[in-house]
Amino acid sequence: MTTQAYGAQSADQPLQPLAIERRAPGPRDVQVEIAYCGVCHSDLHTVRSEWPGTAYPCVPGHEIVGHVGAVGSDVTGFKVGDTVGVGCLVDSCQRCAACGDGLEQYCDNGFVGTYNGPTKDEPGHTLGGYSQRIVVDQGFVLKVHHPADQLAAVAPLLCAGITTYSPLRHWKVGPGHKVGIVGIGGLGHMGIKLAHAMGAQVVAFTTSEGKKNDALALGADEVVVSRNRDEMKAHTGSFDFILDTVAASHDLDAYTALLKRDGTLCLVGVPENPHPSPNVGPLIFRRRAIAGSLIGGIRETQEMLDFCAEHGIVSEIEMIRAQDIDAAYERMLRSDVKYRFVIDIASMGQ
Ligand code: NAP
Ligand code: ZN
């Protein structure tokens, strides 16, 4: 099926309308008519080849929501008209220990990303959600239970939501914990909402003084401007857990120093250039850890969506047309996103 999409032909070209081919649904496939797709900083890193290995044409987008348009003969969990989501994963080996544990993102044989992943379909790599339609194995489709009028604001949960939810759960964040969220962008603003909903004391760290009041409204108990040394110092040795969502290279020592004994700084941002090597002293002398975390598995993504539906949590979004994606990327690079751009896919036909 020929499908309208937006993508780039090379790293230095703007996104443009593209006609792509989607496979006809196989027995296990769900065909999703996409309503909205969030704009993740990973889309920008990939489409502009800031990370190695981008295949072109590149159609980004892994925060997909829409409605089921068709299902294959063996599909049991979904029917035409259902409201569904597709996140960062569309396949994995299903045989390794990680897949067995529902941690498809850590598949030993390599998961298939929603874009830029290996596939038998044309053109040999997956094409993402900046498109009117996608065909996905039923095992990688999520159910959306939020009210219909929140659908656009649900889209970012599929990456920004799960990428922050998963480490908060893994490190058992809850009442009595002091938690830091670094960077108030797409991921960070969800981290604030989720950590607050889990009952933690939340401190937001930002380089943008102008986001202070927003961060408090999102659920932060306190906001620290990270460029202010005194404000930072006041929190030395006090955090159980810090989640760092920053998309650019920066000094990690400033954050490890804020952890308690046995505290963890978990990195989820994947900057184009590496962070300066952290000092071992602050780690060794308080048994502090630096860790990383990748999105979340399908089971946990459904759990996150249900948690958000139950707690009335959605993303703070600014809706854009497909024609404006490059302008949105430029604003994202200036940390000027409040707090996630979402593409109205209906604009693609215009
Ligand atoms: P985003 O919306 O651009 O937010 C990043 C935030 O980082 C900015 O809003 C800004 O917040 C802060 N920031 C930017 N430049 C900075 C700098 N030079 N120094 C300090 N802070 C800076 O990006 P996003 O979509 O949330 O993604 C964040 C990162 O996570 C990206 O690298 C993305 O690729 C990665 N990611 C990882 C995973 C995973 O599974 N691990 C999943 C999705 C995305 P303030 O204005 O508050 O300072
Ligand atoms: Zn993402």
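Computed from a predicted structure; not experimentally measured. Scope of the values below: all heavy atoms of this structure, side chains included, with no hydrogens, waters or symmetry mates. In listed order, ligands and their atoms are each counted from 1.
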So is there a nitrogen or oxygen of Ala248 less than 3.5 Å from a nitrogen or oxygen in ligand 1?
no
Going by an N to O cut-off under 4.0 Å, is there a salt bridge joining Arg48 and Glu330?
yes
Heavy atoms only: which of Arg334, His41, His45 is nearest to atom 32 (O) of ligand 1?
His45
Nearest-neighbour protein heavy atom for atom 2 (O) of ligand 1, which is reported as residue plus atom name and distance:
Gly186 N, 2.9 Å
Result for side chain to side chain donor-acceptor pair (under 3.5 Å) between Ser315 and one of Glu63, His189, Gln150 points to His189
Does Leu187, backbone or side chain, put an N or O under 3.5 Å from an N or O of ligand 1?
yes
Carboxylate-amine/guanidinium proximity below 4.0 Å for Lys193 and Glu316
yes
State whether Arg321 and Asp344 are salt-bridged, where the test is any N-O pair (Lys NZ or Arg NE/NH1/NH2 against Asp/Glu carboxylate O) under 4.0 Å.
no
Atoms in ligand 1 with a heavy atom of Leu294 nearer than 4.0 Å
40 (O)
Note: Arg299-Asp101 ion pair, threshold 4.0 Å (strictly below):
no
Could Arg287 and Asp262 be called an ion pair, given the rule that one side-chain N must be under 4.0 Å from one carboxylate O?
yes
Starting from atom 28 (C) of ligand 1, what is the nearest protein heavy atom, named by residue and atom, and what distance separates them?
Thr245 O, 3.0 Å
Quick check: do Leu158 and Ile64 have side-chain heavy atoms less than 4.5 Å from each other?
no
Atom 8 (C) of ligand 1: which protein heavy atom is closest, and how many Å away?
Ser335 OG, 3.6 Å
Among all protein non-hydrogen atoms, which one is nearest to atom 48 (O) of ligand 1, and what is the separation to 0.1 Å?
Thr207 OG1, 2.6 Å
Answer yes or no for Trp51: is there a heavy-atom contact with ligand 1 below 4.0 Å?
yes
Does ligand 1 have an atom under 4.0 Å from some heavy atom of Ala160?
no
With nothing but distance in play, are any N or O atoms of Ile184 less than 3.5 Å from an N or O of ligand 1?
yes
Give the atoms of ligand 1, by number and element, whose distance to some non-hydrogen atom of Thr206 is under 4.0 Å.
45 (P), 46 (O), 47 (O), 48 (O)
Contact atoms of ligand 1, heavy-atom distance to Ser293 under 4.0 Å
39 (C), 40 (O), 41 (N)
Around atom CD of Glu209, are there more than 12 heavy atoms of other residues, nucleotides or ligands at under 6.0 Å?
no
Examine the proximity of ligand 1 to Ala247 and report which part, side chain or backbone, both or neither, has a heavy atom under 4.0 Å away.
both
Do Phe239 and Phe205 make the cut of ring centroids closer than 6.0 angstrom?
yes
So the atoms of ligand 1 within less than 4.0 Å of a heavy atom of Val268 turn out to be 30 (O), 35 (C), 36 (N), 37 (C), 38 (C), 39 (C), 41 (N)
When you compare ligand 1 with His250, is there at least one nitrogen or oxygen pair between them that comes in under 3.5 angstrom?
no
When you look at CZ of Arg169, are more than 12 heavy atoms from neighbouring residues, nucleotides or ligands closer to it than 6.0 Å?
yes
Side-chain contact test, heavy atoms from C-beta onward, threshold under 4.5 Å: evaluate it for Pro60 versus Leu15 and give yes or no.
yes
Take atom CG in Asp149; do more than 12 heavy atoms of anything else shown fall under 6.0 Å from it?
yes
At less than 4.0 angstrom from any non-hydrogen atom of Lys211, what atoms of ligand 1 do you find?
9 (O), 11 (O), 45 (P), 46 (O), 47 (O)
Do any N or O atoms from the side chain of Thr264 and from the backbone of Ala289 form a donor-acceptor pair under 3.5 angstrom?
no
Do Thr83 and His146 have side-chain heavy atoms sitting under 4.5 Å apart?
no
Among Leu194, Ile162, Val144, whose side-chain contact (heavy atoms from CB on, under 4.5 Å) with Cys308 holds?
Leu194
Here the atoms of ligand 1 under 4.0 Å from any heavy atom belonging to Arg340 are 24 (P), 25 (O)
For ligand 1, is there an N or O atom under 3.5 Å from any N or O atom of Phe205?
no
Within 4.0 Å of some non-hydrogen atom of Cys159, the atoms of ligand 1 are 42 (C), 43 (C)
Using a cut-off of strictly less than 2.8 Å, determine whether His62 has an N/O/S atom near the Zn ion (ligand 2).
yes
For atom 22 (C) of ligand 1, closest protein heavy-atom neighbour
Val246 CG1, 3.4 Å
Could you tell me which atoms of ligand 1, counted from 1 in the order shown, lie closer than 4.0 angstrom to a heavy atom of Gly183?
11 (O), 47 (O)
Do me a favour and list the nearest non-hydrogen protein atom to atom 33 (C) of ligand 1 with residue, atom name and distance?
Ser42 OG, 3.4 Å
Are side-chain heavy atoms of Met190 and Tyr165 found at a separation under 4.5 Å?
no
Atom 4 (O) of ligand 1 sits nearest the protein heavy atom Gly185 CA, 3.3 Å
Proximity of Thr163 to ligand 1 by residue part, where a heavy atom lies under 4.0 Å
side chain
Distance from atom 30 (O) of ligand 1 to nearest protein heavy atom, with residue and atom
Gly269 CA, 3.3 Å
Heteroatom N/O/S of Cys159 within less than 2.8 Å of the Zn ion (ligand 2):
yes
